[in-house]
Trainee: 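Could you have a look at this structure, given as structure tokens, before my questions?
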2 protein chains.
Amino acid sequence: MTPEDIADGRASARRSANPTVHDVALEAGVSPMTVSRVLSGGKNVRAELQDKVWRAVETLGYHRNENARSLRPGHRSGLVGVTITNIANPYYAEMLRGVEEIASANGRRILVGNSNEDADLERQLVADFIGRRVEGLIVVPSSTGDGAHLQGERLGGAPLVLASRAVAGVDVDTVLIDDVAGARAATARLLAEGHRRIAFLGNRSSVFTGRRRLDGFTLAHHDVGIEPLPDLVRLGQQDVGAAEHAMAELLDLPHPPTAVFGANNRNTVGAIRAIVARRRSADAAGVTSAEIRVAGFDSFDFADIAPVRLSVVDHDAGDLGRRAADMLFERLDDAPAAGSARLVELPVTLRDLF
Amino acid sequence: MTPEDIADGRASARRSANPTVHDVALEAGVSPMTVSRVLSGGKNVRAELQDKVWRAVETLGYHRNENARSLRPGHRSGLVGVTITNIANPYYAEMLRGVEEIASANGRRILVGNSNEDADLERQLVADFIGRRVEGLIVVPSSTGDGAHLQGERLGGAPLVLASRAVAGVDVDTVLIDDVAGARAATARLLAEGHRRIAFLGNRSSVFTGRRRLDGFTLAHHDVGIEPLPDLVRLGQQDVGAAEHAMAELLDLPHPPTAVFGANNRNTVGAIRAIVARRRSADAAGVTSAEIRVAGFDSFDFADIAPVRLSVVDHDAGDLGRRAADMLFERLDDAPAAGSARLVELPVTLRDLF
DNA sequence: TTGTAGGCGTTATCAA
DNA sequence: TTGATAACGCCTACAA
């Protein structure tokens, strides 16, 4: 049995599976190297042979094996790993699209994992991605855990960019929304209108953005020489229902707030619901209820037709993703270890929707 | 120079990059095979050596190269390719999460691409995924193109599942939402309430779901012995702004509609906006405007606080993704070529949000 | 229980 | 211009 027989046997056995350069070479009657050359642009290959090779590629349905390819020294995997705390959250979905857009433009594909706010799952995802030799990582870090798995030594040399949230002790490129400035501006607006009893509905302060938005809220108060009223600060509402309940409680206080700041759109919507419900029952009872002014972080569907005076802190999640990806590719392509970690805070806009 | 010297030189040169089994073996003072065995569970390796190996792995920050691994006969890449027409659409984001959930549970990772409704981009994505030896593909097919690139012969043997939309001439497993029944039920509700001038705002009918939802709308009319009014059917609105504009035009007609069916959430939201805007200007002018009843396909954020009488055809996009992934893994794990293409239509629910 | 040889698919390098 | 060889990192088969 000659080597050709063996090769031929292999080739035909594989017709239905994944053909290799070898199979294509056999079909075209050339050597594997010629096939490889043609696939890489065809420099220094006779036009006639190029035709033959392309025809064979077509006939066999050949697709170059990128995994084998990336094994060769100097070659890269063309992959970027992305972990997100919740892919289904429209905000992160928009961010993911931004990442994909830039990755695509740079000829890379994205491996996507959902960490579900679980640091352990996140660690597994990152380890798996490193095992697949991603060229870099973009991570929305989970709010649990200490970020030990994000330390550079564990990443096999792949650069990391954190998006949306920072992690204490992890000194890498980070892209954030300017939570503090946004919350401060929105609160300042309420204060400038004369409100002095402003409620705050937000996340647990263990959530990075939650902490920062409460900071902004507090700073705006300090800016006019007062302190936030502790009784009016409610943290930990995760959904609209909880937020509505919290707001209803606030409205039941002997001295209810005259305005409210929702630190995310669930809390803002919940607040609006409670306000509207209260207004309705007041109307039904024939009494007039005080108008409650509302401001919130993040816009939402129908924000512009909400039945209250509403201002929102707005920004484009896609920008966040694009910016994070840009930073990653700067590290990859331009200067492998250019300078130390950068922190970017994307600006936000305060919009009045009335 | 002995082989050891060479190997040692390599190892130290690589300390900062990606160590290999060889490097770990050197560090642990064993052979690469022992390392490999330990990494695969440690059967038939002395506990003492296992410790040494794990310590070396830790010291060097070793991650097994999955790409090299998948090269070996019998091994699989552990990847599933997913292409979506628009990742940022919350609907598909939810679907993607469903796919990721099932993929993760099956020990696979997902490669994600955005086709942007562009058949050519989709073709490139699929080709790239095949090149990376994905084990299977889940595709939300773009509304353009003929699906030639989705024919089995081009897929290198990887099974394909179409999600959300079918493609004429591509005979593969497909998971759809029951668009026809949903649109029919919602329209029937409006008709049952006595509405006879019902507007339709939807996609171009070249979009698979657009066509089907218009069919359902039409069938509901036939069910009560009438025809839809052609003047009230507006197709092709891709975003909320266009839908709002189209609805405003309809409201300007001499005989405006008394109800509207939005064939997707962008169109429903746009319709609501136009209705609310009209109501406000009427209120300002001191005249009363007619209530317009609204029904729509797909729910959306805060649909339940929409300031109109609204019913939505609801379903869980996550189910769509999970089901598609399930079907894919059935093909992969159970019976490689079990039976012919299956078509699944997931049921929908009509919900009143008032 | 441990180690050696070889090959998965590709391509850089060198030879023809 | 074309082809043979070797090596990327890993692991099955076999040998020790």
Side-chain angles (χ1 to χ4, degrees), chain A residues 3-4 6-7 9-11 13-14 17-53 57 60 62-78 130-133 156-157, chain B residues 3-4 6-7 9-11 13-14 17-26 28-53 57 60 62-78 130-133 156:
Chain A
E4 281 74 23
I6 297 168
R10 267 175 64 260
R14 280 166 182 277
N18 276 312
T20 73
V21 263
H22 198 101
D23 301 323
V24 176
L26 226 55
E27 174 80 20
V30 299
S31 78
M33 257 324 290
T34 298
V35 174
S36 177
R37 274 192 266 259
V38 170
L39 293 170
S40 316
K43 270 283 172 213
N44 297 333
V45 181
R46 268 162 44 214
E48 183 195 335
L49 287 191
Q50 298 208 31
D51 280 356
K52 277 194 192 173
V53 167
V57 164
L60 300 179
Y62 171 79
H63 291 262
R64 185 155 67 169
N65 186 329
E66 291 296 329
N67 298 327
R69 206 152 175 252
S70 74
L71 214 55
R72 311 228 13 119
H75 256 280
R76 321 209 134 211
S77 68
I130 299 298
R132 293 177 191 284
R133 295 299 184 266
Chain B
E4 282 73 24
I6 296 169
R10 268 175 64 260
R14 278 163 183 279
N18 277 312
T20 73
V21 263
H22 197 101
D23 301 323
V24 176
L26 227 54
V30 298
S31 79
M33 256 326 289
T34 298
V35 175
S36 177
R37 274 191 267 260
V38 172
L39 293 171
S40 318
K43 272 281 173 214
N44 296 335
V45 180
R46 269 162 43 213
E48 181 195 336
L49 286 192
Q50 299 207 30
D51 281 356
K52 276 193 193 174
V53 168
V57 164
L60 300 180
Y62 171 79
H63 292 261
R64 184 154 69 170
N65 186 330
E66 290 297 329
N67 298 328
R69 208 152 175 254
S70 74
L71 216 54
R72 310 234 14 135
H75 253 95
R76 320 210 136 212
S77 67
I130 299 300
R132 293 177 190 285
R133 295 299 182 266

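All heavy atoms count here, side chains included; hydrogens, waters and symmetry mates do not. The shown structure was predicted, so the numbers you read here are calculated from the model rather than taken from an experiment. Naming convention: chains lettered A, B, ... in sequence-line order (proteins, then strands); numbering from 1 in each chain.
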Trainee: Just verifying a value: how many Å separate A:S77 OG and A:R69 CZ, rounded to the nearest 0.5 Å?
Mentor: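 One finds 12.0 Å between OG of A:S77 and CZ of A:R69.
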Trainee: Hey, is the side chain of B:T34 poking within less than 4.0 Å of OP1 or OP2 on C:dG3, counting only N and O atoms?
Mentor: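 Answer yes for this pair, as a side-chain N or O of B:T34 is under 4.0 Å from OP1 or OP2.
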Trainee: Measure the spacing between OG1 of A:T34 and CG of A:L39 and express it to the nearest 0.5 Å.
Mentor: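 Reported value, rounded in 0.5 Å steps: 10.5 Å.
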Trainee: With rounding to the nearest 0.5 Å, note down the distance linking CD in B:Q50 to NZ in B:K43.
Mentor: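 Rounded to the nearest 0.5 Å, the CD-NZ separation comes to 10.0 Å.
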Trainee: Report the distance from atom CG of A:D51 to atom CZ of A:R46, rounding to the nearest 0.5 Å.
Mentor: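 Nearest 0.5 Å value for the CG-CZ distance: 11.0 Å.
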Trainee: To the nearest 0.5 Å, what is the distance between NE2 on A:H75 and CG on B:N67?
Mentor: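 The CG atom of B:N67 is 13.0 Å from NE2 of A:H75, to the nearest 0.5 Å.
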Trainee: Does C:dT2 have its OP1 or OP2 closer than 4.0 Å to a side-chain nitrogen or oxygen of B:S31?
Mentor: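 For B:S31, the contact criterion (side-chain N or O under 4.0 Å from OP1 or OP2 of C:dT2) is not met.
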Trainee: Can you tell if the side chain of B:N65 reaches within under 4.5 Å of the side chain of B:T20, non-hydrogen atoms only?
Mentor: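 No, every pair of side-chain atoms sits at 4.5 Å or beyond.
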Trainee: Estimate the overall bend of the helix from C:dT1-D:dA16 to C:dA16-D:dT1 from the end axes over five pairs each, rounded to 10 degrees.
Mentor: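 Taking five pairs per end, the axes differ by 50°.
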Trainee: Working to the nearest 0.5 Å, report the span between CZ of A:R133 and NE2 of B:H63.
Mentor: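 Reported value, rounded in 0.5 Å steps: 8.0 Å.
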Trainee: Once you round it to whole Å, what is the distance between P of D:dG9 and CG of B:L26?
Mentor: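 For the pair B:L26 CG and D:dG9 P, the rounded distance is 14 Å.
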Trainee: Would you mind telling me which of B:V24, B:D23, B:V53 makes a side chain to side chain contact (heavy atoms under 4.5 Å, CB included) with B:Y62?
Mentor: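 Output: one option passes, namely B:V24.
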Trainee: For each nucleotide in nucleotides 10-16 of chain D, reading 5' to 3', give B when a protein heavy atom comes within less than 4.0 Å of its base, S when such contact involves only the sugar-phosphate, and - otherwise.
Mentor: BBB----
Trainee: Can you check the B:L71 CG to C:dG6 P distance for me, whole Å?
Mentor: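 Going from CG in B:L71 over to P in C:dG6 covers 18 Å.
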